There are 4 protein chains.
Amino acid sequence: MPVLNDEVPDDDDFDAGRKRGEFDHITPEDITQDHGSGRVTPPGWLDGAELGRIRRSVPIAYVEVVPVRTDELGRVVRVGSLLRVCDDGSIVERTLVTGRVLYHETVREAIARNIAKDLGDIALPVLPTALVPFTVAEFFPTPGMSPYHDERQHAIALCYVVPIAGDCKPQDETLDLEWIDPASDALERCLDQMSDGHGEILRQALAWAGV
Amino acid sequence: MPVLNDEVPDDDDFDAGRKRGEFDHITPEDITQDHGSGRVTPPGWLDGAELGRIRRSVPIAYVEVVPVRTDELGRVVRVGSLLRVCDDGSIVERTLVTGRVLYHETVREAIARNIAKDLGDIALPVLPTALVPFTVAEFFPTPGMSPYHDERQHAIALCYVVPIAGDCKPQDETLDLEWIDPASDALERCLDQMSDGHGEILRQALAWAGV
Amino acid sequence: MPVLNDEVPDDDDFDAGRKRGEFDHITPEDITQDHGSGRVTPPGWLDGAELGRIRRSVPIAYVEVVPVRTDELGRVVRVGSLLRVCDDGSIVERTLVTGRVLYHETVREAIARNIAKDLGDIALPVLPTALVPFTVAEFFPTPGMSPYHDERQHAIALCYVVPIAGDCKPQDETLDLEWIDPASDALERCLDQMSDGHGEILRQALAWAGV
Amino acid sequence: MPVLNDEVPDDDDFDAGRKRGEFDHITPEDITQDHGSGRVTPPGWLDGAELGRIRRSVPIAYVEVVPVRTDELGRVVRVGSLLRVCDDGSIVERTLVTGRVLYHETVREAIARNIAKDLGDIALPVLPTALVPFTVAEFFPTPGMSPYHDERQHAIALCYVVPIAGDCKPQDETLDLEWIDPASDALERCLDQMSDGHGEILRQALAWAGV
C-alpha cells in the first residue's frame with residue numbers, strides 16, 4: 001500500500017509552492033515545456049517513470065510532519081491525523097503529513113509546501129526554529145527491516161512536530177483532518193489505524209513532546 | 001558581577017506571574033503573612049538570607065531564553081538581547097532573559113514568567129513544544145570551572161530559543177531590548193558585550209538554529 | 001514512597017565518588033569536621049534536616065540515567081533497571097539510576113558518580129558527548145501535576161541514555177540490575193513495575209532511541 | 001570543487017562494507033554481473049552516468065561525521081579532520097568523514113561504512129544511540145543558497161559527532177587524519193581550511209557538544 005504521497009502532481013497542484021519565492025523566476029515556458037516524458041511537469045517534479053527508477057536506486061529524502069495544537073504554554077493538547085482514500089479508491093487510511101523534498105528545495109520549504117498541500121493555505125504552521133528532527137524514520141521496501149515500510153522506495157524521513165495556529169481545509173485526496181486529545185482513549189485507536197510505521201512516528205513525537 | 005536576576009522581588013513585582021493561573025488561589029493572607037523572615041513574600045519566593053544560604057548549598061535550577069524573531073519559514077532573522085543596569089547602578093550590561101525556576105513552578109511557567117518580566121505581557125512568546133533544551137549551561141561561583149560564571153551560586157540553566165511574535169516593552173530594570181540581525185557585523189559586538197558566558201549561550205543558540 | 005535516592009550518605013558511602021578526581025584534594029579533616037549539624041558529612045552533602053528544608057524551598061537538580069547495552073552499530077539491545085529495597089524495608093521497587101547533582105559538581109560528574117554508586121566501579125559507562133538530555137522530567141510533591149511524582153521534593157531531572165560497556169556489580173541498597181530486551185514481552189511488565197513516572201522516562205528513552 | 005566523496009567505487013573498494021553483515025548474502029555473481037552500464041558494480045552502487053543523472057534530479061541523502069576523542073566523562077578533547085587530495089590531484093583539502101547513504105542501507109550502516117572507509121577498520125567508532133543528528137546540512141549546487149555548497153548535487157546531510165576509541169589508519173585518498181585540541185589556536189586555522197561549509201558543520205558540532 002502506498003503510504004507516502006504520489007509525487008507526480010495533478011494539474012491543479014503545480015503552483016502549490018509558488019508563493020514561497022523559490023519559483024518566482026519561472027516563466028510559463030518552464031511549466032509548459034515537455035521534458036520528453038509525455039507529461040508536462042513543473043521544475044523539481046519528475047515524471048512517474050523517472051521517479052520510479054530513481055526510487056529503486058537511491059534513498060529518497062522525505063519530511064514527515066505531526067500537526068499539533070498547543071496551548072499558551074506550548075503544551076500539545078491535540079494531535080492531527082489525515083484520513084485519505086488509498087490509491088485503489090476503496091479504503092480510507094489514516095496518516096500524517098508527508099512528502100518528499102524536491103530537487104533544490106530546502107527542508108523548510110518542503111515542510112511548508114506539504115502542510116499547505118494537505119491542510120490548506122491558511123493553516124498558519126509554526127515551523128521549527130532548528131532543522132534538528134525529533135526522529136529520523138527509515139522506510140524500506142522490504143518489510144521488517146525497520147518499523148517503517150514503503151513498498152515503493154527506500155525513504156529517509158526527517159520528522160517534525162509542527163504547531164498549527166490557523167484553520168485547516170483538507171485538500172485534494174485528503175478527506176478529513178481529525179484532531180485528537182492525546183490524553184484520551186481515542187489516541188490508541190488512532191495509532192492502531194496508522195499503517196507502515198506512521199503510528200510509531202506519532203508515538204515518538206508524543207514521547208518527545210512529553211505528552 | 002551578578003549576571004542572573006536577583007530573585008527577591010520588589011514590592012511591585014509580586015503579582016508578575018498571577019495571570020498564569022498558578023497563583024489564582026492565593027488569598028491576601030498568603031501574601032501578607034510573615035514567614036518569620038521579617039519580609040513579606042509571595043509563595044515560591046524566598047527572602048534574601050534564606051535564598052543566599054540555599055545558593056551556597058545546592059545547584060539552582062534556571063531557565064535562560066534567547067528571544068528571536070523568525071520569518072514565515074521559521075528561520076531566525078533577529079536575535080534579542082537585554083540592556084540593563086547592574087546592581088551597583090553604574091554599568092549597563094547586555095544579557096539574555098534568565099531567571100530561576102520557583103518551587104512548584106513548571107519549567108514552562110518559568111519561561112513564560114521570565115519573558116513577561118523582561119519583555120512585557122504582550123510579547124506573545126511561542127513556547128517550545130518539547131522541554132529538551134538546546135544546551136545545558138552550568139554556572140559556577142568559581143571562575144574558570146566552565147565557560148559560565150555566577151559569583152552568587154552554582155546554577156544549572158536549561159537554555160531555550162523562543163520566537164517572540166508580539167510587541168516587547170522592557171520592564172523594571174531592563175533599559176532596552178535590542179534586536180540584531182545575526183548575519184550582520186553587529187552580532188560579534190553583541191557577543192563581546194555579554195559577560196559570564198551568556199555570549200557563549202547565544203553562540204550555541206545560533207549554531208543550533210543553523211544561523 | 002521515596003522514589004529518588006536518599007542523598008544523605010551512609011557511613012560507607014562517603015567516598016563513593018572519590019576516585020572521580022573532584023575530591024582528591026580532600027583531607028581527613030574535611031571529612032571529619034562537624035559543620036554544626038551534629039552529623040559528619042563530606043563536601044557537597046547536606047545533613048538530613050538541612051536537605052529537607054531546602055527540598056521544600058527550591059526545585060532540586062537531578063540526573064536520571066537509563067543504562068543500556070548497545071550493539072556495534074549503536075542500537076539499543078538491552079535496557080537496564082534496578083531492583084531495590086524500599087526505605088521501609090518491605091517492598092522491592094524497580095527504578096532507574098538517579099540522584100541529585102551536588103553543589104559544585106558538574107552534570108557529567110553527577111552522572112558518573114550515580115552510575116558508579118548503583119552499578120559499581122567497572123561498569124565503564126559511555127557518557128554523552130553533549131549535555132542535551134533526551135527529556136526533562138519534572139517531579140512534583142503534589143501527585144497529578146505531571147506524570148512524575150516525588151513526595152519529598154520538586155525535582156527537575158535531566159534524563160540521559162548511557163551505554164554500559166563493562167560489568168555491573170549492584171551496590172548498597174541495589175539488590176539487582178536486570179537487563180531486558182526492549183523487543184520482548186518483558187518490557188511491558190518492567191514498565192508497569194516502575195512507579196512515580198520512571199516507567200514514562202524509560203518509555204521516552206526508547207522512543208528517542210528509535211527502539 | 002567536489003567536496004563530498006566520489007561514490008563510484010574503485011575496484012579495491014567494493015567490499016569495504018562487507019563485514020557489516022548487510023551484504024553477506026552476496027554471491028560472486030552479484031558482484032561481477034554487468035548491469036548494462038559497461039561497469040561492474042556491487043549492489044547499492046551506481047555507475048557514474050546514472051549517479052550523475054540522479055544527482056541532478058533529487059536531493060541525495062548523506063551522512064557527515066565529526067570524529068572526536070573524548071575523556072572519561074564524555075567531554076570532547078580532540079576533533080579529527082581529514083587531509084585529502086582533490087580530484088584534480090593538485091590541492092590538499094581539509095574535510096570531515098562524509099558519504100552518501102546507499103540504497104537499502106541504514107543510516108547507521110552508512111556512518112560505520114564511511115568511517116571505516118576513511119579511518120580504517122580498527123577505529124572502533126562509538127555510534128550514536130539515537131539517530132537524531134546534531135544538525136541537518138543542506139548542500140546546494142548553487143552557491144549562496146545556504147552555507148553549504150556541492151557543485152555536483154543537492155545533498156541533505158545528517159550530521160553526527162562520533163567518538164573514536166581505536167586507532168585510525170587513513171585509507172585510499174585520505175592522506176592524513178589530524179587531531180586538534182578544540183581549545184587551542186589550531187582550531188580556527190582548521191576551520192578556515194575547510195571549504196564549502198564543512199567548517200560550519202564542525203563549528204556547530206562543537207557548539208552542540210558545549211566545547
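Since this is a predicted model, take the numbers as computed values, not measurements. We name chains A, B, ... by the order of the sequence lines, and we start the count at 1 in each one.
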Query raised in the report: Going by heavy atoms in the side chains, are D:P141 and A:H104 under 4.5 Å from each other?
Result: yes
**Report entry** Region of A:T142 in contact with chain D, defined by heavy-atom distances below 4.5 Å
**Finding:** both
Requested in this report: Would you mind telling me which of A:C159, A:S146, A:P133 has the largest number of heavy-atom pairs within less than 4.5 Å of chain D?
Outcome: A:P133
Report task. Between chain D and each of A:I54, A:V58, A:V132, count heavy-atom pairs under 4.5 Å; write down the option with the most. Result -> A:V58
Report summary line: Pair count under 4.5 Å, heavy atoms only, with chain A: among D:I60, D:V107, D:L158, D:T135, highest is D:V107
Requested in this report: May I ask you to decide if A:Y103's main-chain N or O and D:H154's side chain share a donor-acceptor pair within less than 3.5 Å?
Outcome: no
Report task. Compare every heavy atom of D:E138 with every heavy atom of A:E105, then report the nearest pair and how far apart it is. Result -> O-OE1, 4.3 Å
Query raised in the report: Distance from D:S57 atom OG to A:R53 atom CZ, nearest 0.5 Å?
Result: 9.0 Å
Query raised in the report: Which bit of D:I156 comes within less than 4.5 Å of chain A, counting heavy atoms only: side chain, backbone, both or neither?
Result: side chain
